Protein chains: 2
Amino acid sequence: MTGEETDDEFEAVVAGVGERIDPDERERERMRDAVAALTERAEDAIADLPVAGDVMQVGSTARGTWISGDRDIDLFVRFPADVEREELESYGLAVGHAVLPEGREEFAEHPYVTGEYDGFDVDLVPCYRLDSATEIRSAVDRTPFHNEYLDARIDADLAGEVRLFKQFLKGIGAYGSDLRTRGFSGYLTELLVVAYGSFRAVVEAAAEDWHPPVRFDPEDHGTATFDDPLVVIDPTDPERNVAAVCAAENVARLQHYARELLADPRADYFSPESAAPLDAAAVREFVADRATTPVAVRFDAPDVVEDQLYPQLRKSLGGVRDEFERRGFDPLRAATFADESAVLLVELEVAERPAVERHDGPPVHVRQHAEGFFEKYADDSETYGPFIDGDRYVVERRREFETAAGFLESDALFDVALGVHVESALEADYDVLVGEEIGRLADEFGARLADYFGPAP
Amino acid sequence: MTGEETDDEFEAVVAGVGERIDPDERERERMRDAVAALTERAEDAIADLPVAGDVMQVGSTARGTWISGDRDIDLFVRFPADVEREELESYGLAVGHAVLPEGREEFAEHPYVTGEYDGFDVDLVPCYRLDSATEIRSAVDRTPFHNEYLDARIDADLAGEVRLFKQFLKGIGAYGSDLRTRGFSGYLTELLVVAYGSFRAVVEAAAEDWHPPVRFDPEDHGTATFDDPLVVIDPTDPERNVAAVCAAENVARLQHYARELLADPRADYFSPESAAPLDAAAVREFVADRATTPVAVRFDAPDVVEDQLYPQLRKSLGGVRDEFERRGFDPLRAATFADESAVLLVELEVAERPAVERHDGPPVHVRQHAEGFFEKYADDSETYGPFIDGDRYVVERRREFETAAGFLESDALFDVALGVHVESALEADYDVLVGEEIGRLADEFGARLADYFGPAP
């Protein structure tokens, strides 16, 4: 295929995707009407308060960068900086309940009201009206600044480019700054499109030019350094990396799929593909083919939000994996899944180790240590040695755990670094699955196991 | 036990050992008579040659440092430095055959005659008479210098101290500079006793003061540096370490047993103890108790002298062990035995590895390499992946050998660094024993297996 042919194909694919994801005039009008009605209600409610305040629509639906079908409306109610935080919260809730009589209170950094209006999901969030984003008191105060910055830079054409990039990131599973995905946030996506000028330019840069760490500083005002693969200094805050949450995997995933898309443009890169779930037999077949020893700990998923759950699961998985490494069971790969139950899965290369393990003593010539070591083990019938190896004493002691399952079933599991809610859940109860027994995970996690092993053979 | 009590005990033990190992007057007289008769024969034979020459007795029997029962007489015939090497060899053999009419020719660095006389084992060796040991043309030329140096420094009392030290080193298995033992040579033993003044002083220094590398330079003329645990600069050659062959294990062994002897003086430290051989059942019991996977390669011992055989066996064992390490079978310990057959034994912690092994590719952002890697594996149905892990592509490929035995039974065994005669022997034929099958080694190597595993349970 020549470059020109792929160029034409790229444009054709992108045009097709655009048609599918751009909200049409009817959708826009419904959105406009809903926002206008909600804003009016909010302004009426503010008028009843003893302080001034204004209403600001924020987020992708405010900037026209939303994807057809998204139905999130975010309205921020801004109060003067001299209002006490407690008052701000009560005013915010008052306005929220006035706008959304059926709405309910939620709590992020401070309380807000969420509810439905004419088929839209509406959040009504109080914040401070500040002169600069560097003065913010909580993360929500930053949002109006982001909105103003992008609003001034994204016209209708660029909004289409943003939609394409977002949809592409969704298709490849790298969209979202939630702590499960650790991908690209909406704000980051828009900043990158503004920086490069088009979806295609972003994709070409990622495919060809990015060598992490990649750094952008649109306002050229950054003051801090970051140890992240992608660093985009917030135009409204010189000390903040907008891409801080974006994992190396997701940067690499974007680079990989950017190349694939450019080499062979196809619309299916823009559609998230859910792997066909494996059944238990397929999982067992994979285990037999790989001849590894997967071990899994399964327990009731802690009842916390995903942004708490996934970091804890990852921390716990890392702790268990590291401990297996230290104990010689040689982890090959690991994964964690959560739904009703949660799973820490570590696939091991080594199923068993011997009853003995080598323990090096001091050099024989370091007299005091050497004599102490020798005397400690000389009459220990459970220990082989001391031998002399090179210039040292060496013994072979009894190993604590000969199998990985033995370790998982013991209290030693609780000595590894576990997430706090994971630890409580394990204290309540857990199952250990070994080898082909992990087939029993397929009922709940068949699709995740397909991500892990690949499609059914 | 007080220090004084152990002092008395030490002296009592040493006196008893001395009684056993000091040659009595009758033995000395027989030795003197035999040397006198042999020297006369040699001088007569030299008189018939067209060049001058003299006869010199060397070695421990020359210096009175031999142990009762030793029956080695070493006579060196020295010729002027201007004699051609070929002539020297033929003159030497002529004298040898005249002295030992029943003797036979052997070949070390050059040919010599060995034979029996009145119950003694006699070597008659030609060498050059030189002004300095730094001018030597072969190792045997050095011997007369060693003899002269020690002769001037070892009197009858010190000879007794040397005998004690030699016998102690024999008792702990550290005596001999042959390449099987890699221990303390007779010359080294005598130099250490000369340096310290007594057996006890050597033992105390080794127990308390030695921190390898330990360096002595009796003539304070050393010019070279050495990477050996024990460095004793040859008084007759500033560039030579007399202890070059002495392995770290044997230095440590001396230090260990020196402490044991001083703490609890007993005569049995002066008697080499041969371990009671294990039988096959005992070996199998050890393997089961340790739950390791020993693997052994057994083959016909190459027909070469021990000084060639053992370095080759060690090199081969090291090669196999390193290869097991690289392939993930985690060697715990290893040993090599030789008698009629030879054995490379490696005790493994890991019996099997999975069918797959992780293979890291380049970072995704290193475009050309990354694309090449991805394309190589993307359509390979035998490979899992490529996945993205961190910023890299990773695949899981088929492993070459899932078991250690599989490796040993394959041609890949011949890709490791093997000793040349070991390689030929393996090319002819070999057996692979795995796990409890190594019990079959007990018939030939029961005592060596007892050294390895310990006494039968």
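Please read these numbers as outputs of a predicted model, since none were measured by experiment. Here is how names work: the chains are called A, B, and so on, in the same order as the sequence lines, proteins then strands, and each is numbered from 1.
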* Asked: Is there a donor-acceptor pair under 3.5 Å between the side chain of A/Glu437 and the backbone N or O of A/Val434?
  -> yes

* **Donor-acceptor contact below 3.5 Å, side chain B/Gln255 vs main chain B/Ala207** => no

* **Full working for salt bridge (Lys or Arg N to Asp or Glu O under 4.0 Å) between B/Glu349 and A/Arg358** => CA-CA 10 Å; B/Glu349 293 199 37; A/Arg358 180 184 165 105; over 6 Å; no

* **Pair A/Phe216-A/Tyr196, side-chain contact (heavy atoms from CB on, under 4.5 Å): steps then yes or no** => CA-CA 11 Å; A/Phe216 294 90; A/Tyr196 283 107; 2.9 Å; yes

* Asked: Side chain, backbone, both or neither: which part of A/Ala370 has a heavy atom under 4.5 Å from chain B?
  -> side chain

* **chain B contact via A/Glu208 - which portion, at a heavy-atom distance below 4.5 Å** => both

* Test item: A/Asp391 side-chain N/O and B/His211 main-chain N/O as donor-acceptor pair under 3.5 Å -> no

* To do: Identify which of A/Ala252, A/Pro363, A/Gly328 forms the greatest number of heavy-atom pairs closer than 4.5 Å to chain B.
  => A/Ala252

* Please state whether the side chain, the backbone, both or neither of A/Arg367 comes within less than 4.5 Å of a heavy atom of chain B. => both

* Euclidean distance, B/Phe337 CZ relative to B/Arg448 CZ, rounded to 0.5 Å -> 5.5 Å

* **Check: B/Tyr384/A/Asp289 side-chain N/O donor and acceptor closer than 3.5 Å** => yes

* So what's closer than 4.5 Å to chain B heavy atoms on A/Phe453: side chain, backbone, both or neither? -> backbone

* Of the listed residues (A/Val350, A/Val366, A/Val394), which shares the most heavy-atom pairs with chain B below a 4.5 Å separation? -> A/Val350

* Structure fact -> Counting heavy-atom pairs under 4.5 Å with chain B, the top scorer among A/Glu402, A/Arg398, A/Glu357 is A/Arg398

* To do: Side chain from CB out, backbone as N, CA, C, O: work out which of these in A/Pro229 comes under 4.5 Å of a heavy atom of chain B, or both, or neither.
  => neither

* To do: For the pair A/Arg333 (side chain) and A/Tyr452 (backbone), establish whether a donor and an acceptor sit closer than 3.5 Å, ignoring hydrogens and angles.
  => yes

* Identify which of A/Arg259, A/Glu347, A/Arg353 forms the greatest number of heavy-atom pairs closer than 4.5 Å to chain B. => A/Arg259

* **Heavy-atom contact with chain B under 4.5 Å, split by part of A/Asp389** => both

* Asked: Would you say the side-chain atoms of A/Asn250 pair up with the backbone N or O of A/Thr181, donor to acceptor, closer than 3.5 Å?
  -> yes

* Select one option (side chain, backbone, both, neither) describing which atoms of A/Glu260 are under 4.5 Å from chain B's heavy atoms. => side chain

* To do: Could you look at B/Arg392 and say if it's the side chain, the backbone, both or neither that has a heavy atom under 4.5 Å from chain A?
  => neither

* Asked: Which bit of A/Phe286 is near chain B, if near means a heavy-atom gap under 4.5 Å: side chain, backbone, both or neither?
  -> both

* To do: With a 4.5 Å cut-off on heavy-atom pairs, point out which of A/Asp330, A/Leu348, A/Thr293, A/Val214 contacts chain B the most.
  => A/Asp330

* Asked: Considering only heavy atoms, which portion of A/Val251 lies under 4.5 Å from any heavy atom of chain B: side chain, backbone, both, or neither?
  -> neither

